[in-house]
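Below you'll find the structure, written out as structure tokens, and then a few comments.
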Amino acid sequence: MENTLSIIGRGTVGCLNALKFSNLGYNINWYQDPHISPLSVGEGADLSLSHFLSTELKFSYEDLIEIGGHHKHGIEKINWSKDTFTHWFELGRSSIHINATNLQDFIIDKIAPKVNIIKKNVKYNELESYIIDCSGKSPPLEERNPTPIPVDSAYVTQCLWDKPKFSKTLCIAQEHGWVFLIPLQNRCSVGYLYNSNFSNIEIIKTSVTGIFNQYNLIPTEGKNLSFDNFYRKSNFRGKFTYNGNSSFFLEPIEATSLNTAIAVIKQTDLLLKQEVSVGTANKRYKNFLEETIDVVMLHYLVDPPFNSPFWEMANKKAIDWFTKRYKEYPRINIITQEGEYDYSTWYQESFKQNLKGLNLYKKLNQIKNG
């Protein structure tokens, strides 16, 4: 049983785990509950997903077209600062926008001969092997670390089109939060992120019509989603690793979710090889998640682009967060360009573009110096 892993969950993160660990030679029992439809989330990604799929699956641009995805050259940020700017990926490097359902089916088709797929709602006590839980089941409140992230809801719609109209993820600051546009081959996914304590769904539905009109999009019926932003207090314990929404959920600006899932996969690999301890793996997990929260919260540290209750609240949360972080986490000095630049999901060029585009150097240094 030492070389056997039990993976629970058929969603995108379950697929990435099954792909990676089957490639490493593990015997995979992959439990997929036939009564639960996997979520089609995480359709925008940073550079890590394209690298992962290329390395583990020899995934190509032809494959990307086959699954209805589209290349991603950067993230355009509108209304966050005085001038619109784009967080461009370096020339020669690109990420992807994916149809999550199609990608899941594609991976399953490729690796099915190497794994044992079991259509069953399995119970933990039925399993003797090491368990990677990608079921999407959130932990109880007492096992979560809360975050300062100011959005807790999203109104998501799909807009059909004949072909992609742009090759960047668009992130547009709005009075009640912000809106993403993710271009795929046959549709554009549009989501309005907001805080339910400050805005109701009817306000959001009215507000987002301006985006549809501006980009000439015709939406299908939308879905309203509520979520908690969190990460686990202990992500690796005993014979368990948690990943995906069973491990964490952070709002999707900068498309950090799949990169974080891949980071958890890397730690799981090291843990199974006994190259790191459980304590070390959990410490690295905590640091990575909190650095990712830093990346998210930088967007709310901007001078509020709207004079609204949401932005007043979000900006205060950001100031409080970074005030605490500069006191407690020395490595955060990297954000103001001291030391090496690699930090969570951002690399040196990403830092330069975003801190300049969001006009944050002065504000960060003021917080740092008290």
Side-chain angles (χ1 to χ4, degrees), residues 4-70 72 95-122 127 129-138 182 184-185 189 235 240-250 252 255-269 272:
T4 298
L5 297 178
S6 296
I7 298 175
I8 303 175
R10 184 197 179 281
T12 302
V13 175
C15 289
L16 298 182
N17 276 269
L19 171 59
K20 176 65 176 181
F21 290 107
S22 63
N23 284 348
L24 288 173
Y26 287 90
N27 299 316
I28 305 297
N29 290 325
W30 189 1
Y31 295 91
Q32 304 176 2
D33 190 336
H35 304 295
I36 297 178
S37 299
L39 295 176
S40 297
V41 296
E43 297 196 322
D46 64 11
L47 293 166
S48 62
L49 180 64
S50 51
H51 177 75
F52 183 92
L53 292 176
S54 178
T55 302
E56 301 294 336
L57 199 60
K58 306 303 180 187
F59 193 81
S60 69
Y61 282 108
E62 288 184 349
D63 296 328
L64 181 61
I65 298 301
E66 180 180 335
I67 68 165
H70 189 44
K72 175 179 176 179
S95 186
I96 55 179
H97 301 106
I98 60 169
N99 180 312
T101 300
N102 289 354
L103 177 64
Q104 294 161 15
D105 291 342
F106 184 91
I107 293 175
I108 290 171
D109 181 64
K110 296 294 184 182
I111 68 173
K114 298 195 298 180
V115 300
N116 180 26
I117 297 175
I118 304 168
K119 301 288 187 178
K120 178 182 179 181
N121 178 15
V122 69
L127 305 175
S129 63
Y130 195 91
I131 299 168
I132 303 176
D133 185 350
C134 308
S135 65
K137 183 179 179 181
S138 298
I182 299 176
L184 300 176
Q185 286 297 317
S189 181
N235 195 65
F240 287 90
T241 284
Y242 300 93
N243 208 339
N245 288 352
S246 295
S247 170
F248 62 89
F249 185 90
L250 304 179
T256 62
S257 63
L258 293 180
N259 180 55
T260 306
I262 290 168
V264 172
I265 289 173
K266 291 177 181 177
Q267 290 305 306
T268 305
D269 179 26
L272 291 170

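Atoms considered below: every heavy atom in the structure, side chains included; atoms not considered: hydrogens, waters and symmetry mates. These numbers come from a predicted model, not from an experiment.
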Where the side chain of Asn23 meets the backbone of Glu56, is there a donor-acceptor pair that is under 3.5 Å apart? yes

With a 4.5 Å limit on heavy-atom distance, are the side chains of [X] and [Y] in contact?
X	Y	answer
Lys72	Ile182	no
Leu53	Ile107	yes
Tyr26	Leu272	yes
Phe21	Val115	no
Ile28	Ile111	no
Ser138	Tyr242	no

Could you go through the side-chain contact (heavy atoms from CB on, under 4.5 Å) check for Asn17 and Leu5 one step at a time? CA-CA 10 Å; Asn17 276 269; Leu5 297 178; over 6 Å; no

For Phe240, look at atom CZ and say whether over 12 heavy atoms of other residues, nucleotides or ligands are found less than 6.0 Å away. yes

Do other residues, nucleotides or ligands put more than 12 heavy atoms under 6.0 Å from the NZ atom of Lys266? no

Measure across [X] and [Y] and return the closest heavy-atom pair with its distance rounded to 0.1 Å.
X	Y	value
Gly69	Leu184	CA-CD2, 4.2 Å
Asn29	Thr4	ND2-CG2, 3.6 Å
Phe248	Ala261	CZ-N, 3.9 Å
Thr268	Tyr130	CG2-CE2, 4.4 Å
Lys119	Pro34	C-CD, 3.9 Å

Give, for atom CD1 of Ile108 and atom CG of Leu103, the distance between the pair rounded to the nearest 0.5 Å. 9.5 Å

For Asn245 and Val13, run side-chain contact (heavy atoms from CB on, under 4.5 Å): C-alpha distance rounded to whole Å, both residues' side-chain angles, the deciding distance at 0.1 Å, then the answer. CA-CA 9 Å; Asn245 288 352; Val13 175; over 6 Å; no

Among Asp33, Asp105, Ile117, which one satisfies side chain to side chain contact (heavy atoms under 4.5 Å, CB included) with Arg10? Asp105

Let's go through Thr101 and Ile67 carefully: what are the C-alpha distance in whole Å and the side-chain angles of both, what is the deciding distance for side-chain contact (heavy atoms from CB on, under 4.5 Å) to 0.1 Å, and is it a yes or a no? CA-CA 9 Å; Thr101 300; Ile67 68 165; over 6 Å; no

For Ser247, the option from Asn235, Thr260, Asp133, Thr241 that meets side-chain hydrogen bond (donor to acceptor under 3.5 Å, both in side chains): Asn235

